[in-house]
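Below, read A as the first sequence line, B as the second, and so on, with proteins coming before strands; counting in each chain starts at 1.
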Number of protein chains: 2
Amino acid sequence: MDVFQPATADLDLTTVLQALGDPVRLKIVRELATGGEQVCGAMEVGVSKSTRSHHFKTLREAGVTATRVEGTHRHVSLRRDDLEARFPGLLDAVLQTQAAPA
Amino acid sequence: MDVFQPATADLDLTTVLQALGDPVRLKIVRELATGGEQVCGAMEVGVSKSTRSHHFKTLREAGVTATRVEGTHRHVSLRRDDLEARFPGLLDAVLQTQAAPA
DNA sequence: CAGGCAGTTCGATACTCATCGAACCAGCGC
DNA sequence: GCGCTGGTTCGATGAGTATCGAACTGCCTG
């Protein structure tokens, strides 16, 4: 298992935007933003286990999240500082927006 | 020809992020940001005419750009104010980032 | 050790979408 | 009117990806 996540300098804007440009992942990011680090499975995003895993992987590989393995659990958190360093204001701008404008 | 573009209130974050999450469109947005309103065809983005048209359409329908028809030309501009009103700081954050991190 | 649980991976499916060339449409100039 | 030129639309194609269930892996506990 590679819990690899890209270095801050390697973060690619297009990739990050693509990662954020999905309703499910955006929801995940919001959850992480408000709830802090969370266990992967504790989040209810309305998709199957495998799909959820896929989205977490996408976010991680885009450099949006960090994953910490602890026993059988994976603790996922936002890489706020790294994102802020690489794309100042971007994450805040995304998070400030209302979740779902109906 | 519908030069329809969504109202400010209808702008959807996911849609905008998806629109921005493409290298070609990101390039277009940058060009518009630095050069102001431009004629559609005057922009060199490295894709065919039809593909370029498609990207302009995507950006327009996402609410990122405005299109003004003048004779046979289409003048395209960024909807900076609308985007700023709906997603404060987002566009700036995107534009501030270096174009292509090698 | 056996079982269960967390999470990933696999294989398949369906859908989206970026891309192109060609055909088409609409002004503009001759 | 005839054609050129800017731009859109069409149809096709290929790549990417979101989704699922099922099989697998690893850890922890009884």
Side-chain angles (χ1 to χ4, degrees), chain A residues 1-6 12-32 35 37-77 100, chain B residues 1-6 12-32 35 37-77 100:
Chain A
M1 254 306 300
D2 55 348
V3 277
F4 171 77
Q5 37 235 342
D12 175 49
L13 179 59
T14 305
T15 307
V16 171
L17 290 175
Q18 257 169 0
L20 296 176
D22 178 282
V24 175
R25 289 194 291 264
L26 200 50
K27 181 172 167 61
I28 292 175
V29 169
R30 284 187 210 284
E31 299 267 339
L32 290 176
E37 184 182 73
Q38 298 194 17
V39 174
C40 172
M43 205 178 301
E44 194 46 65
V45 289
V47 294
S48 78
K49 198 165 62 159
S50 46
T51 304
R52 193 177 52 204
S53 187
H54 159 69
H55 284 305
F56 275 118
K57 183 180 177 186
T58 303
L59 286 171
R60 178 169 49 84
E61 292 184 344
V64 176
T65 62
T67 303
R68 184 169 61 82
V69 180
E70 184 172 309
T72 62
H73 296 253
R74 261 121 180 108
H75 297 255
V76 182
S77 58
Chain B
M1 253 306 301
D2 55 347
V3 276
F4 171 78
Q5 36 234 342
D12 175 49
L13 178 58
T14 306
T15 307
V16 171
L17 289 175
Q18 256 169 357
L20 296 176
D22 178 282
V24 175
R25 289 194 292 265
L26 202 49
K27 181 172 167 61
I28 292 176
V29 169
R30 285 188 209 283
E31 299 266 339
L32 291 175
E37 184 182 72
Q38 297 196 18
V39 174
C40 172
M43 205 177 300
E44 194 47 64
V45 289
V47 294
S48 78
K49 198 166 60 159
S50 46
T51 304
R52 192 178 53 204
S53 187
H54 159 68
H55 284 306
F56 274 117
K57 183 179 177 187
T58 303
L59 285 171
R60 180 168 48 86
E61 291 184 345
V64 177
T65 63
T67 303
R68 183 170 61 83
V69 179
E70 185 172 309
T72 61
H73 296 252
R74 261 118 180 112
H75 297 255
V76 182
S77 58

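- Atom CG of A:Leu20 is separated from atom P of D:dA18 by 12 Å (rounded to the nearest Å).
- The CD-P distance, from B:Gln38 to D:dG6, rounds to 16 Å in whole Å.
- In this view, A:Thr72 satisfies the side-chain contact (heavy atoms from CB on, under 4.5 Å) rule with no residue, not counting sequence neighbours.
- The interatomic distance linking A:Arg60 (CZ) with C:dT8 (C1') rounds to 10 Å, in whole Å.
- Taking B:Thr15 as the reference, B:Asp12, B:Ala62 meet the side-chain contact (heavy atoms from CB on, under 4.5 Å) condition, with sequence neighbours excluded.
- One can place CE of A:Met43 at 15 Å from P of C:dA6, the figure rounded to the nearest angstrom.
- The shortest distance between side-chain heavy atoms of B:Phe56 and B:Val76 falls below 4.5 Å.
- Between A:Leu59 atom CG and C:dG7 atom P there is a gap of 15 Å when expressed in whole angstrom units.
- Residues satisfying the side-chain contact (heavy atoms from CB on, under 4.5 Å) test with B:Ser50, not counting sequence neighbours, are B:Ser48.
- With rounding to whole Å, A:Arg74 atom CZ is found 6 Å from C:dG7 atom C1'.
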Please produce a list of atom pairs where a protein N or O lies less than 3.5 Å from an N or O of nucleotides 28-30 of chain C.
none

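- Residues that satisfy the side-chain contact (heavy atoms from CB on, under 4.5 Å) test with B:Glu70, not counting sequence neighbours, are B:Arg68, B:His75.
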key: Per-nucleotide protein contact string for nucleotides 10-23 of chain C (B base, S sugar-phosphate only, - none; heavy atom under 4.0 Å)   = --------SBBBB-
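- Taking CD1 of A:Ile28 as the start and CZ of A:Arg52 as the end, the distance is 8.5 Å to the nearest 0.5 Å.
- Atom NZ of A:Lys57 and atom P of D:dG16 are 14 Å apart (whole Å).
- Partners of B:His55 under the side-chain hydrogen bond (donor to acceptor under 3.5 Å, both in side chains) rule, at least two apart in sequence or in another chain, are B:Arg25.
- Distance check, rounded to the nearest 0.5 Å: CG of B:Leu26 to OG1 of A:Thr14 gives 5.0 Å.
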